Each structure stands twice: as structure tokens, then as C-alpha cells.
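For clarity, every value in this text was computed on a predicted model and none was experimentally measured. Any value given below was found using the heavy atoms of this structure, including those in side chains, with hydrogens, waters and symmetry copies removed.
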Amino acid sequence: MKNYFVTHKKAWIFLAIALGVILLSSFFGNMVQNSGYKVNVYDLREVTAADYGVETSEMLTVDFSAIGGGSAVRVTGFVESGLLFVPKSASSTNKAPAVVLTHGYLNNREMQLPFAVDLARRGFVVLAIDRENHGNNTDVSSSAYSASYGSGAYGAAMYNAAAFLYYQDYVDQTRIGISGHSMGGAATNSGLLLDKTAREAGAPGIIAAGLVQANNPSNASYAEGVTVGVLKANDDEFFFKSTFADGTPSISREYLHSVGAANFVGLTGYGTSKDSINIENGAFYVDGKVVADPQPGQALGTSFRVIYEADEIHPLNHFSVTSTSNLINFFYTAFGTPAGCNYIAEGNQTWWVKEMFATIGLVGFFMMVLPLADLLLTIPCFKGLRKKFTKTVVTECAAEGGAEGATATVTADTTTTSTTSEVEVSSRELFPALKGVRRHVSYWVAAVVTTLFSGFMIEPITSGSWSKLTKLFFSQNTYFPQDTTGTVATWAIVCGLFALLVTCLVWLVNHIINVVKYKEDAWQYDSNPFEAAKIGGVANFLKTVAVGLILVFVMYLVVFINWGIWKVDFRFWTFDVKVFNVYYMLPTMLRYACAFFIFYAINSIFNQTYKASNLPEWATIAINAFFNVFGILLVMLIQYGTFKSTGVLWQSNMSLTYIVLFPIIPVLIVATILSRRLYERTGNAWLGAVVNTLIFTIMTVANTSASYAYAGFFA
């Protein structure tokens, strides 16, 4: 055993470093998340207030029959999936204000952590929840609530989460707020409507304030005396289209001058000219008039309306210092500084530090791949997959004093000998370097064509005439239940097959040229673009799949253990590695993985065959990664460059799709690195293909939504 560790010391050291990076980043990220152990963080799964000692007799019964299809409801405070932040300053004798947060479409509760961390740090109790069919909430939709909550069912999860807080003895029942982003903004409107209906039915109101993030406000939803705000981006891809006072249309960046904004804050008596409305950004309106700001951290003392606008786009609202400042300002002004806590300036934020450590943890996660692969390839049943590559080296030297035992080849002048020896080399040194005009033209033309295709085919495949392919191959059902994963898989497969077609055409053209030029010796000049796919039989392929499965299992075991200890995941914005409901999601992940494998296999094979003379390996990887993402980056730059300059999207039907594909940029860069480095271990591209498929399919499926129930392995 000692010899084993010594022999493979490098792999063990590198794995220890990766685990150390994860451990330290999680430790410090956790410290920031719980404000230096001043906040307790709990992961709630399928709980009600009764699980926390609340008697059924103490729960509210609310009649929602005034809402279409509603009835009398026992409000149990049910939370399917939530992260609860409880400051230690909050107690039954020092009740704290509380806020429910939720995310937008295709996101999860962790996307609201920037807000949660900095609110809890200031003494607010915070509950960040997963929406239905998102994150760890596997309920298919809000339809489970429709029989009792009627048309307000969309806000039932928000209302129940607010009720859960309402029942806790450390929460001030008069100071409970809700806030959600995008789709969560619609849920905020609906939750406020339920609260308004409850008040009108004689039940106590439990929601005192609501901040609608990145969604249009709905005045009909708001009870009199409830504080409501809007948090928006200057340029929002989806919302805040209205009209000016003269009736002409306005766009998002003109919202503060629109009728929609005026109606929200209660402004009346404006003229009919286009510029007669000018709502102040961040100003507090009471009865349609601006009132003086209170002292920092103090409550205004009356209900108000406010619109916060930040110079950003829709998906940045929940990953922004400015928007976080605005949200903190809203709840400070609505509820005041929690008792026993000091006012902390809105701009004094720590969430980004926590996110920085989460990003470092993400790096540590991917650092585990190579040492784990090295160690798995030492196991006897997998050892044969690891190849040693050698090449013959011929060394010439003077005849006298030549190397002992050398095979002498006497030349015409009998002055030199040559020595032949086998030298171990990297597997990719066996590939011919990219030399000559024809080889360069072949590579660069194919690379440019395929990368541009990948970018400019996003719109046709996801929203245009090719979108029928998704319906053909990934028609949503319980086996393929997710809303966007099938679409992304279709695009990936089409791009992979196109790259395969281009590569074959380039090979065919070069082969024809070689036949014309070299006749029967043409095969000696052909380069095989599929050389990296050689694996030595079905048994080796199955062993490779097994290695990939074990490797990814160990990596995610670390993720789950880490979450259990620290309650932190690994992420940068929407590119994240998180825990998931294994029972429900794993079968679905494996089904989608079969589709994504087509893309990652083709991508991994072609990632290996390029090697320029005199370029270090890192430069080769960088070039390959560039061509993997350039086409996607280009269309996104056109989309958002146009949006930034005009306020109108280049492709209005792609307002959601490009946001969905934001994480694909780092995915393809990391996939390029892993496939190249894993190839060096085995001399075939399949291990990289398997590992990339599993990791990135799991990440994709764990971070989006489903419209059908998840089917098990045999459902």
C-alpha cells in the first residue's frame, strides 16, 4: 500500500489540493453566508408549520372563494424546498421582520442568495424557496393548489411560505414581505392578491410589503395599506413595455416616463404630451406624490410605492450590487432596522464574497477530474485503458566514441554512427503537426464554418423553422419532462453532426487531391480525422464508460457531502454545480445524457486532432476552446450590442434562449480542457466524451424546470 501511494504520489497530491480548495472555499463561503456564525441556515424539505410545533388550531383558515375556483383553505405554511436564514438576534422576545424570496423561470432558490445573505446579515429572517417544478421542488406545477386557491394558485407557494414565517415565534407578524424575480415576480403579484383576498374575507393579512423583481406590477393585486415596489433593469428583455401620455408605445428603458409607471405610483393629473410623466428612480410615492426619504435604516411609517431601475439587463437583477442595494433599501424603508441590529449601509455587501468562494469551489470541483481519472486507471480492471506512447528516436554521433551498444551505420565517409531508441511521449505527439498550406486551410476553414454554424443556427433550431426537430425527438413527456433541455440537446446534436459532415467533406477533398497528386501512394498522405476514436474493442469502451460513471459519482458524492456540512454549492452566476433530488432526477439525467453524448463524443474526437508546430499545449487548447464558443459569443454580442444601443433586441423571439445559453460558454471551454487532458491518459477521446456528457448533463437537468412529472427508471 505504501508503494502504491508513493508510485501515484502526484495524483494523490493533486486530488488533495482539489479537495483542499473545495474545503477552504466552502468553509469561508459558509462563514460569509451565515455572517460569521450570526445566522443559522436550514435546508427545508417538505415541511409545514406543524413540523415546528405549531398546532393546527393556530393555523389560519382562509376563504378564497372570491377568486375563481377557490374555496376555504387551511393555510399550513407548507414549504416544499427552501433555505431558511434565521439571525441569532431573532427570538420570541425580539421578533424580527421576515422576507420570502423566490427565483425566476429555469432558476432555483440559490439564485436569490445574494439578496438572502445580505438581508439576513442585517437581521431579517429570510426564506428563499424553489418554485414548483424547479430546483428541489419536484411538484409539476401550481395545479396542486388550484382546487383551493383558485386562480390565485400561482402565488400559493409564496403565500404559504409567508404563512410559515408568520407562525414562527421569532418573526414579527406585522412585518413580513415577499419578493420574486421574473416568474417569481408574477408569483409575488399573485401572493399579494391572495393576501388581499384573505383580508377582504376577514382573515388577518400576513404580507405587509412586496417587491416585484423584473416583472410588471399588477395594481389589482394589492390591498390598501400594503407597501409595493418594483425592481427593474433599464433594459428588460421581457417586461415594462407601456405607452407615453400621448399614447405612443414606450420600451423598458422609457418606463419611468410611461403611463404604466404613473399608474403604479398613483400619479394623476399629468398632461397629454409625451414628456409629461417623469417618475423618479428610487423615490418613495405616497398618494402619487414624492415624500422625503427617511433616515437611513428607518421605516417610512406609512405604505408607499417605489420603482428602482438599475443599468443592467433582466438576468442581472439577482446578481448585481445595485439591485441588491435597492432591495435592501426597500425592506429597510418598509420595516426599519431589525431590533437589536445596527444599520448597515445598503452598499456594504458581502454576497459577492460568498459567490467568489463559490466560484473557487467550482474550480476545485473540476480540478478533481484528472487526479481521479489517474487513480481509477491504476485499478487492475481499468489499467489497460491507460496507454504509454513511444516513438523511435535516431541519434547520430561521431563513429569514434559512439554510444556503447549502438547499431552503427557506416556512411560513405565512415565518420558517423546512429543510435535508435524508443522514447515515451505524450499521445498527441503522435498526431502530425499542422504544417503546409493545405493542412492549415483545411483546419481553419472547417473551424470557422462550424463555429459560425453553431451560433447562427441557435435561432432556427430553438425558435424558427428547425424547432420542429425538438418536437420530433424530444416531445415533452414524463421521460423527457424538461422545458428547455430537449431544445438545447437538439441544437447540440445538430451542431455536432454538422461538424462531422464538414470534417468528412474536408477529408474527402484532401483525399481526392492526394489521389490526383500521389496516385496509389495517396493513403500515405491522408490524415485520419477519427484517429482519436480508436479504443481497441467493445470491452475497452464499456470499461471507459465505467470509469466515467465512477469518476462523476465520486465528484458528486463530494458535492452532496459538502452541501450537508456547509449548505453551500459551487457556482458562478447561472453556471453551477448543486445537489439535486436523486430519486426523481437521476433517471431523467441519464436519458438526456444519451442524447448529449452524441455531441460531446464528436466534440471530444475533433478536439484532439489539431496540433500546430511550436505551439505549447495550453495555446492549442485555447484555440480549440475559442472555436467551440466563438459563434455563440458572436450572436450573443450582436443580440446584446443591439439591445444596449437601441433598447430593442436584435432577435426579439430569442429573449429567453440566449439567457438559457449563457452557461454554455464556460461549459464548452471546460469541456475542451477536460477532453484534451483525458485523452493524454488513454490515447482515445471516449473517456473525455463520457465525463463531459455526465457532468454537464447533470448540471443542465439540475438547473432548469419541468412541465411533466419525473419518471423513474421503469415508469
Side-chain angles (χ1 to χ4, degrees), residues 99 152 155 158 174-180 185-200 205-234 236 239-294 298-310 317 323 326-336:
V99 179
M158 289 287 274
T174 66
R175 294 188 294 168
I176 297 175
I178 61 175
S179 182
T188 302
N189 281 328
S190 188
L192 288 166
L193 174 62
L194 290 174
D195 189 69
K196 176 184 178 183
T197 304
R199 292 168 186 258
E200 292 171 349
I206 61 176
I207 301 174
L211 180 64
V212 180
Q213 307 169 32
N215 206 317
N216 294 315
S218 173
N219 285 339
S221 297
Y222 311 141
E224 185 177 351
V226 172
T227 290
V228 185
V230 170
L231 189 157
K232 70 176 292 288
N234 181 51
D236 188 286
F239 302 106
F240 305 107
K241 294 179 177 67
S242 185
T243 62
F244 295 110
D246 65 357
T248 57
S250 62
I251 58 177
S252 176
R253 62 174 55 179
E254 299 163 333
Y255 183 71
L256 293 176
H257 307 283
S258 72
V259 172
N263 290 341
F264 172 70
V265 300
L267 180 67
T268 58
Y270 50 83
T272 57
S273 64
K274 185 175 181 179
D275 59 355
S276 61
I277 299 173
N278 186 23
I279 306 302
E280 294 182 37
N281 183 9
F284 304 113
Y285 284 79
V286 177
D287 297 328
K289 298 179 181 179
V290 177
V291 298
D293 293 357
Q298 289 188 2
L300 187 61
T302 185
S303 61
F304 60 86
R305 299 287 176 89
V306 60
I307 300 173
Y308 299 102
E309 185 174 82
N317 286 158
S323 287
N326 290 335
L327 179 133
I328 295 167
N329 177 263
F330 176 80
F331 285 110
Y332 261 151
T333 309
F335 298 148

> Hey, is the main chain of Val226 close enough, under 3.5 Å, to the side chain of Lys196 for a donor-acceptor pair?
Replying inline: no

>> Looking at every non-hydrogen atom in both residues, tell me the closest pair between Val265 and Arg305 and how far apart they are.
In response: CA-CB, 4.0 Å

>> Once salt bridge (charged side-chain N to carboxylate O under 4.0 Å, His left out) is applied, what residue pairs with a partner in residues 244-271 remain, sequence neighbours excluded?
In response: Asp235-Arg253

>> Would you say that Leu327 contacts Leu231 through its side chain, given a criterion of any heavy-atom pair below 4.5 Å between the two side chains?
In response: yes

> Between Asn215 and Val230, which heavy-atom pair has the shortest distance, and what is it?
Replying inline: O-CG1, 4.4 Å

> Between Thr188 (side chain) and Gly210 (backbone), is there a donor-acceptor pair under 3.5 Å?
Replying inline: no

>> Once rounded to the nearest 0.5 Å, what's the spacing between atom CG of Asp236 and atom CD of Glu309?
In response: 10.0 Å

> How many angstroms lie between atom OG1 of Thr174 and atom CD1 of Ile206, to the nearest 0.5 angstrom?
Replying inline: 13.0 Å

> Looking at CD of Gln213 and NZ of Lys232, how far apart are the two atoms once the value is rounded to the nearest 0.5 Å?
Replying inline: 14.0 Å

> For Asn281, does the CG atom have more than 12 heavy-atom neighbours from other residues, nucleotides or ligands under 6.0 Å away?
Replying inline: yes

>> Could you check whether Asn189 and Tyr222, counting side-chain N and O atoms only, form a donor-acceptor pair closer than 3.5 Å?
In response: yes

> Any side-chain heavy atom of Ile279 within less than 4.5 Å of one from Tyr285?
Replying inline: yes

>> I need the minimum non-hydrogen distance between Ser323 and Asn317, along with the two atoms involved.
In response: CB-O, 3.1 Å

> Rounded to the nearest 0.5 Å, what separation is found between the CG atom of Leu300 and the OG1 atom of Thr333?
Replying inline: 7.0 Å

>> Tell me whether Asp195 contacts the main-chain N or O of Ile207 through its side chain, where contact means a donor paired with an acceptor under 3.5 Å.
In response: yes

> Looking only at heavy atoms, which two atoms of Ser242 and Val259 are closest? And how far apart?
Replying inline: OG-N, 3.9 Å

> Any side-chain heavy atom of Ser258 sitting closer than 4.5 Å to one from Ile277?
Replying inline: no

> Is a side-chain N or O of Asn326 found less than 3.5 angstrom from the main chain of Gly282, in a donor-acceptor match?
Replying inline: no

> If you look at every heavy atom in Ser303 and Gly225, which pair is closest and at what distance?
Replying inline: CB-O, 3.4 Å

>> Contact between His257 and Asp275 at the side-chain level, heavy atoms closer than 4.5 Å - yes or no?
In response: no

> Is Leu256 close to Ile307 at the side-chain level, that is, under 4.5 Å between some pair of heavy atoms?
Replying inline: yes

> What do the steps show when you test Phe244 against Ser273 for side-chain contact (heavy atoms from CB on, under 4.5 Å), and what is the final call?
Replying inline: CA-CA 8 Å; Phe244 295 110; Ser273 64; over 6 Å; no

> Are Leu192 and Leu194 close enough that some pair of their side-chain heavy atoms sits under 4.5 Å apart?
Replying inline: no

> Between Thr197 and Leu193, is there a donor-acceptor pair closer than 3.5 Å when you use the side chain of the first and the backbone of the second?
Replying inline: yes

> Do Tyr308 and Asn329 have side-chain atoms, one donor and one acceptor, less than 3.5 Å apart?
Replying inline: yes

> Of all heavy-atom pairs between Met158 and Gly180, which one has the smallest distance, and what is that distance?
Replying inline: CE-N, 4.4 Å

> Listed by chain and number, what are the ring pair (Phe, Tyr, Trp, His ring centres under 6.0 Å) partners of Phe304, not counting sequence neighbours?
Replying inline: Phe284, Phe330

>> Side chains of Ser250 and Phe240, heavy atoms from C-beta outward: is any pair under 4.5 Å?
In response: no

